[in-house]
Protein chains: 4
Amino acid sequence: MAPKIVDREERRRALAAAATAVFAEKGYAGARIVDVAERAGVGKGTVYEYFRSKEELFFAVFELMCHEEHARLGAVVDQDAPAVERLGSLVRSLVADAVDQVELYGVTFELWSGCSHETYGDRLRTAFADLYRDFRGHLAGLIREGQGAGEIRAGLDPEGLAAVVVGAIDALGLQYWVDRSVDVISAADTFVEALRAGIAQ
Amino acid sequence: MAPKIVDREERRRALAAAATAVFAEKGYAGARIVDVAERAGVGKGTVYEYFRSKEELFFAVFELMCHEEHARLGAVVDQDAPAVERLGSLVRSLVADAVDQVELYGVTFELWSGCSHETYGDRLRTAFADLYRDFRGHLAGLIREGQGAGEIRAGLDPEGLAAVVVGAIDALGLQYWVDRSVDVISAADTFVEALRAGIAQ
Amino acid sequence: MAPKIVDREERRRALAAAATAVFAEKGYAGARIVDVAERAGVGKGTVYEYFRSKEELFFAVFELMCHEEHARLGAVVDQDAPAVERLGSLVRSLVADAVDQVELYGVTFELWSGCSHETYGDRLRTAFADLYRDFRGHLAGLIREGQGAGEIRAGLDPEGLAAVVVGAIDALGLQYWVDRSVDVISAADTFVEALRAGIAQ
Amino acid sequence: MAPKIVDREERRRALAAAATAVFAEKGYAGARIVDVAERAGVGKGTVYEYFRSKEELFFAVFELMCHEEHARLGAVVDQDAPAVERLGSLVRSLVADAVDQVELYGVTFELWSGCSHETYGDRLRTAFADLYRDFRGHLAGLIREGQGAGEIRAGLDPEGLAAVVVGAIDALGLQYWVDRSVDVISAADTFVEALRAGIAQ
DNA sequence: TATGAATGAGTTTTCATTCAT
DNA sequence: CATGAATGAAAACTCATTCAT
């Protein structure tokens, strides 16, 4: 009459977290469901109690990562400082995060790559497009704010500039992924400095 | 008396090209050797006459792509124009290439992702590190040239700036991959403009 | 002081009935214990409170069906009419029942098929042999009765004839199962007519 | 240029034959693809070179059985003798076959049962309906022939009678399947005798 | 040299059954 | 008693690779 009480939502999250780690380590194809189960300390079958298939687990990982990325972004944007300042600290902070979490880049690449997948590509592409649009939107807002306050040259296209900034962050992370000896932290500083000079009134 | 040597080399390239297309479409894990063979119009066994394994085919694809990327890069760098000018046209030209060949990004992601693979990750990472180092080297050279000629501010770190430029190109390509409606061509223009202003003397 | 004993028995029957429906729909192998539980409106674990295993549930279904079949048979045999008459109405009535309950034939096939099963085949075969022996016995009795009363030719082997009659009923049901457009009701009439003429004195 | 030459059609047949034996022994659900492969003396993967799935193998078995049944039927119908005579020898011969091949009845039941299967039921039902229609057609033809020759009473419905004969054959086989001690051969004789008397002019 | 038939290691997935609540 | 969360044995199926022709 009173079956075992389990916070299924919490359990799902924990499994997705375990999956994230395993996918990061071995890649989607290389990861076996048993690996995920073992990492989470449960039996193979339990994974299937929470996710219909390996693919669904993949999406759960994606959603988890998006959620955390979002949280990180929000923390920086909502500060109280001049727009240009916030733009700079956002770049620095996100690049620092990228360095801290390099291992996750492997999953990210697989997710990007998955965008061309016949069966679930659309779903992924849409989600990514939304994520990036949102990201660029935040940045463009910051830039417009800066233009309004006279800190940033009015002639620059906020959307285009936002795309560049987003891109630079991703790409510095990528370069670090490929070669841990690249000093992307100071590359970020250089970028911020050049950016500041380039966009300043 | 070494007949058909040329044919053999040509066949290898053709197979690698077929593999590139298939990997781009289905990803490394999703691609079957038969798919590659069919795409190339040969029998399954023939692929193994030219490549020891699927993994080796993956590397051949990588080398083919590197080769072509290198050719594209060289064409722009060796022009005769002010350094800042060449930097700008390089960015624009490479972003345009990225748009033209979006489908190939899928393989690129797979390759980046492969960097963390237990068995062949090192080999891939080294190759990528070299490629990017080389790429950044070219750009840093260009930047130093510009600093020598007084076109570019002396205070900026050429290596760091080069990393940012390389990154921006990759990342604009990525954004286009995810969302074909993003106008990365004009984002590239904005970037070039901001860059010019930011780094100018 | 044995409370709820009746309830328990009733519940078992209800579960067996649910299982009959599910087995009929998906076959023994295709039916999941959860399906049965859901159909009966109880939890998965509850099924195991009443049946030791899926196999036992299968037998319970068999027994339930036997019980009902027996009841149907008895109702016809115990009538008060000439033997040949009762034989005819028995055939007609059982064929009519078969048409009414076609869906159940699916389980019947599974049960017949189960007779060759390594672990429980013997048990099933024995049960079926008994059932059919009993059935043939009733009919043979009827036939002998008819022979005694001079309605039926004495030369015919009662057991053999009974086997044919039993068979014809099953088989008309089968043909209807396979093809609902076959008019087995009138086929039964034809059979009865031919039978009457064939066995009449 | 000249790969191993194999008669794929012949190989398929051999695999289907092996599958028939295994299905007969363990039932569809109980049979493992490895069992079939082993019985045929090939590797697990080879089965999949010839059949897309276990289900397709099931159908191949069905077709093989139909084909052989058809051959058996044809052999008897095309004889040269009075219609009633041929009808009788047909029944005796098919019942004798049923006794010889009892083990196959298990598969037959599974096939009949499969008719209600959601995904492939239609395909099976259609095939069976055709098979039986054809069977009844042959018999009805024989009966009409007999009526034309004045051997059989004109009042009897040929189609209905054919259904009964078909049914009787199936059902005698079934009773033998369930209980090997039932003497279906002499039951067949009794049936033929009663039939002859019942339908004779 | 080219081919495709054969193979089996390795994965995903299902589901009967157990058992803590 | 009832429940459903957890489990792992077992099976279908895929595909890189080998090798006889």
Side-chain angles (χ1 to χ4, degrees), chain A residues 1-8 11 29-38 40-57, chain B residues 3-4 7-8 11 29-38 40-57, chain C residues 3-4 7-8 11 29-38 40-57, chain D residues 1-8 11 29-38 40-57:
Chain A
M1 238 163 208
K4 207 181 292 187
I5 284 160
V6 176
D7 184 344
R8 289 188 69 84
R11 208 87 210 259
R32 282 139 64 236
I33 291 290
V34 214
D35 297 328
V36 175
E38 268 164 14
V42 300
K44 184 165 33 89
T46 305
V47 176
Y48 284 91
E49 288 284 324
Y50 293 86
F51 303 93
R52 201 177 299 280
S53 66
K54 194 181 179 186
E55 206 172 293
E56 198 183 304
L57 189 54
Chain B
K4 299 200 173 184
D7 275 345
R8 223 184 134 68
R11 198 111 208 232
R32 278 139 68 241
I33 291 290
V34 218
D35 296 329
V36 175
E38 267 165 16
V42 300
K44 188 166 25 113
T46 305
V47 175
Y48 282 88
E49 290 289 323
Y50 293 86
F51 301 93
R52 196 178 302 281
S53 66
K54 194 184 179 186
E55 208 172 291
E56 200 184 303
L57 190 54
Chain C
K4 299 197 171 185
D7 276 343
R8 225 185 132 66
R11 198 107 207 236
R32 279 139 67 242
I33 291 289
V34 218
D35 296 328
V36 175
E38 268 166 15
V42 301
K44 188 164 27 110
T46 305
V47 176
Y48 283 87
E49 290 289 324
Y50 294 86
F51 301 93
R52 197 179 302 281
S53 65
K54 194 184 179 185
E55 208 173 292
E56 201 183 303
L57 191 54
Chain D
M1 236 164 206
K4 205 183 294 188
I5 284 161
V6 176
D7 184 343
R8 289 188 70 83
R11 209 84 209 261
R32 281 138 64 240
I33 291 291
V34 214
D35 296 328
V36 175
E38 268 165 14
V42 300
K44 181 165 39 91
T46 304
V47 175
Y48 284 93
E49 288 284 324
Y50 293 86
F51 302 94
R52 203 177 297 282
S53 66
K54 195 183 178 185
E55 205 173 295
E56 198 182 305
L57 189 54

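The shown structure was predicted, so the numbers you read here are calculated from the model rather than taken from an experiment. Protein chains get the first letters and strands the later ones, always in sequence-line order, with residue 1 at the start of each.
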How many whole angstroms separate atom [atom1] of [X] from atom [atom2] of [N]?
{"X": "A:Y50", "N": "F:dT7", "atom1": "OH", "atom2": "C1'", "value": "12 Å"}
{"X": "D:E55", "N": "F:dC13", "atom1": "CD", "atom2": "C1'", "value": "14 Å"}
{"X": "D:L57", "N": "F:dA11", "atom1": "CG", "atom2": "C1'", "value": "15 Å"}

Give a yes/no answer on whether the side chain of [X] brings an N or O atom under 4.0 Å of OP1 or OP2 in [N].
{"X": "B:Y48", "N": "E:dT3", "value": "no"}
{"X": "D:R8", "N": "E:dA5", "value": "yes"}
{"X": "B:R52", "N": "F:dT17", "value": "no"}

> If you look at every heavy atom in B:A29 and A:A29, which pair is closest and at what distance?
Replying inline: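 Between these two residues, the closest heavy atoms are CB-CB, 3.3 Å.
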>> Under a 3.5 Å cut-off for both contacts, is F:dC13 paired Watson-Crick or G-U wobble with anything, and if yes, with which nucleotide?
In response: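 Looking at the geometry, F:dC13 pairs with E:dG10.
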> Under a 3.5 Å cut-off for both distances, is F:dA20 Watson-Crick or wobble paired, and to whom?
Replying inline: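 The answer is E:dT3, by the H-bond criterion.
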>> What's the closest nucleotide to the side chain of B:R11 if the choices are E:dT12, E:dA16, E:dA2?
In response: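 The nucleotide sitting nearest to the side chain is E:dA2.
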> Between F:dA12, E:dT3, E:dT17, which one does the side chain of C:K54 approach most closely?
Replying inline: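 Side chain of C:K54 sits closest to E:dT17.
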Looking for any heavy atom pair under 4.0 Å, which part of the strands does [X] touch: base, sugar-phosphate only, or nothing?
{"X": "A:K44", "result": "base"}
{"X": "C:A31", "result": "sugar-phosphate"}
{"X": "A:V42", "result": "sugar-phosphate"}
{"X": "A:F51", "result": "nothing"}
{"X": "A:A37", "result": "nothing"}

> Is the backbone of B:D35 close enough, under 3.5 Å, to the side chain of B:K44 for a donor and an acceptor to pair up by distance?
Replying inline: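 Side chain of B:K44 to backbone of B:D35: no pair is present.
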> If you pin D:R32 and B:I33 to their nearest nucleotides in DNA chain F, which one's is more 5'?
Replying inline: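 By nearest-heavy-atom nucleotide position, the 5'-most residue is D:R32.
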>> On DNA chain F, compare the nucleotides closest to B:V34 and A:G41; which residue's is nearer the 5' end?
In response: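 Comparing both residues, the 5'-ward one is A:G41.
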> Is C:V42 close to C:R11 at the side-chain level, that is, under 4.5 Å between some pair of heavy atoms?
Replying inline: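 Of all side-chain heavy-atom pairs linking C:V42 with C:R11, at least one is under 4.5 Å.
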> Yes or no on side-chain contact (heavy atoms from CB on, under 4.5 Å) for B:L57 and B:I33, after CA distance, side-chain angles and deciding distance?
Replying inline: CA-CA 10 Å; B:L57 190 54; B:I33 291 290; 4.3 Å; yes
> In terms of the nearest nucleotide of DNA chain E, which residue is placed more toward the 5' end: B:E49 or D:G45?
Replying inline: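 That would be B:E49.
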> In terms of the nearest nucleotide of DNA chain E, which residue is placed more toward the 5' end: A:G30 or C:A29?
Replying inline: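 Its nucleotide being nearer the 5' end, the pick is A:G30.
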> Say you draw a straight line from OH of C:Y48 to NZ of C:K54; how long is it, rounded to the nearest 0.5 Å?
Replying inline: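 C:Y48 OH to C:K54 NZ: 8.5 Å, rounded to 0.5 Å.
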